[in-house]
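Structure record follows, encoded as structure tokens.
Scope of the values below: all heavy atoms of this structure, side chains included, with no hydrogens, waters or symmetry mates.
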Amino acid sequence: MVVINLYLYWSYLKTQITFSLTPSLRTNITAEDLVSGENSANSWFNRDMPMYIEVAFNTNITFTAPEIEGYKFYKFVIKQKDANNNYLADVVSYSSNVPWSTNERDRIVEMTIEVHYFARINVTVSGGEMDYEITQNFSDYTTEGRTNAEALVREGYVDTTKDYTLTALENDGYDFNYWYKVSTEQRYSIRSITDKATSYVNYILAVQGKRATLSFERYDTTSGYIESMVVTRAGGSQQIVRLGQVVNGEFVKNERYLTYDVRVGDTVTFNMVVDYGFGVSWDLENISLVNIDRNYLYFSLPITGDMAEKTTEINPTFV
């Protein structure tokens, strides 16, 4: 009987702490990474049970949520049982550093600590520019929990216990093509998708610039002409378009290319031949000179959203 009492007495001089991660992640994190303030004299750690540690009573410790790439800490949920086998109300903390004391007065013999992370929703926009938004419903959260959760969602992280919605937003210069979820190789042709993240997620948002038309009909070729243009697509590919040729000493425009369709996000470089003694002026604000080689001039024009679904007159004046 004396032996049993002695065993119980010593067993109540320490707190047994078990950690778990939500979502369940494969990491090298151990309880020793999550607890600071303990030392070899007042704690016991078993490497065969990496998320378990025992800490002596009357020890000031701190629970710290490690940084994990692709995830952001959200909250601790701390569950406790005292020496009388009573479960106490859960303690929830949204701080990633929680000071604690395993004091003998409370005689907490067991603790299970859930460390909740939000997972990153990483979006790469391909083919142009388009904004997107991530939304989740947090109406069942406490005020503090909702405030913290909404802040994380604005940073691009989601609660892995809830559905999230990913929406491509309207853009004046670009059309939505599809969503592509990299991990599952799924393609979604709808603008808004709802899913649940169990881990860090990569998406590709594929977009395409809206059509814009360039017109070469009006400009006067008496003192110079646009021999060709190079269209550089948003993805990096290039296309050379010959806009005419010299016939009997005069430049003749190619009837096929009096108008030419490009897309927002493209860059067009005009290769021009200008008579000696002349310069070039434009009525386009965003065109720029990129090179001069004798009487060859090269001008660059980015195709912007305000040119979408319109015809832009290419009308250089030789002065």
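Considering every non-hydrogen atom in both Ala308 and Asp172, the closest pair reads CB-O, 3.8 Å. Closest approach of Pro316 and Val280 over heavy atoms only: CB-CG1, 3.9 Å. In terms of heavy atoms, Leu169 sits closest to Met130 at O-CG, 3.3 Å.
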May I have the list of side-chain donor-acceptor pairs in residues 56-64 shorter than 3.5 Å, sequence neighbours left out?
residue	atom	partner	partner atom	Å
Asn58	OD1	Glu104	N	3.0
Asn58	ND2	Glu104	OE1	3.4
Thr59	OG1	Asn42	ND2	3.4
Thr59	OG1	Ala56	O	2.8
Asn60	OD1	Ser101	OG	3.4
Thr64	OG1	Asn97	OD1	3.0

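Here the CD1 atom belonging to Ile314 is positioned 4.0 Å from the CZ atom belonging to Phe270, to the nearest 0.5 angstrom.
Residues satisfying the ring-ring contact (aromatic ring centres under 6.0 Å, His included) test with Tyr257, not counting sequence neighbours, are Tyr260. Remark: Phe318 pairs with no residue by the ring-ring contact (aromatic ring centres under 6.0 Å, His included) rule, at least two apart or across chains.
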**Study point:** Worked check of side chain to side chain contact (heavy atoms under 4.5 Å, CB included) between Arg107 and Asn84
**Key:** CA-CA 9 Å; Arg107 296 172 68 82; Asn84 296 319; over 6 Å; no
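For Tyr157 and Phe118, the ring centers are positioned 6.0 Å apart or more.
Transitive grouping of hydrophobic side chains (ILVMFWY, heavy atoms separated by less than 4.5 Å) keeps Trp44 and Val109 in distinct clusters. Grouping the Ile, Leu, Val, Met, Phe, Trp and Tyr side chains by contacts below 4.5 angstrom, directly or via other members, places Leu289 with Val273. Note on Phe45: it clusters hydrophobically with Ile17, by side-chain heavy-atom contacts below 4.5 Å among ILVMFWY residues.
No side-chain N or O of Thr112 forms a donor-acceptor pair with one of Thr18 less than 3.5 Å apart. Side chains of Thr232 and Gln238: a donor-acceptor N/O pair is present below 3.5 angstrom, by distance only.
Cluster note: Val247 groups with Val252 through ILVMFWY side-chain heavy atoms spaced under 4.5 Å, whether in direct contact or through intervening members. Other residues sharing a hydrophobic cluster with Tyr180 under the 4.5 Å side-chain heavy-atom criterion for ILVMFWY residues are Tyr178, Val182, Ile204. The hydrophobic cluster around Tyr52 extends to Met49, counting ILVMFWY residues whose side-chain heavy atoms fall within less than 4.5 Å of a member.
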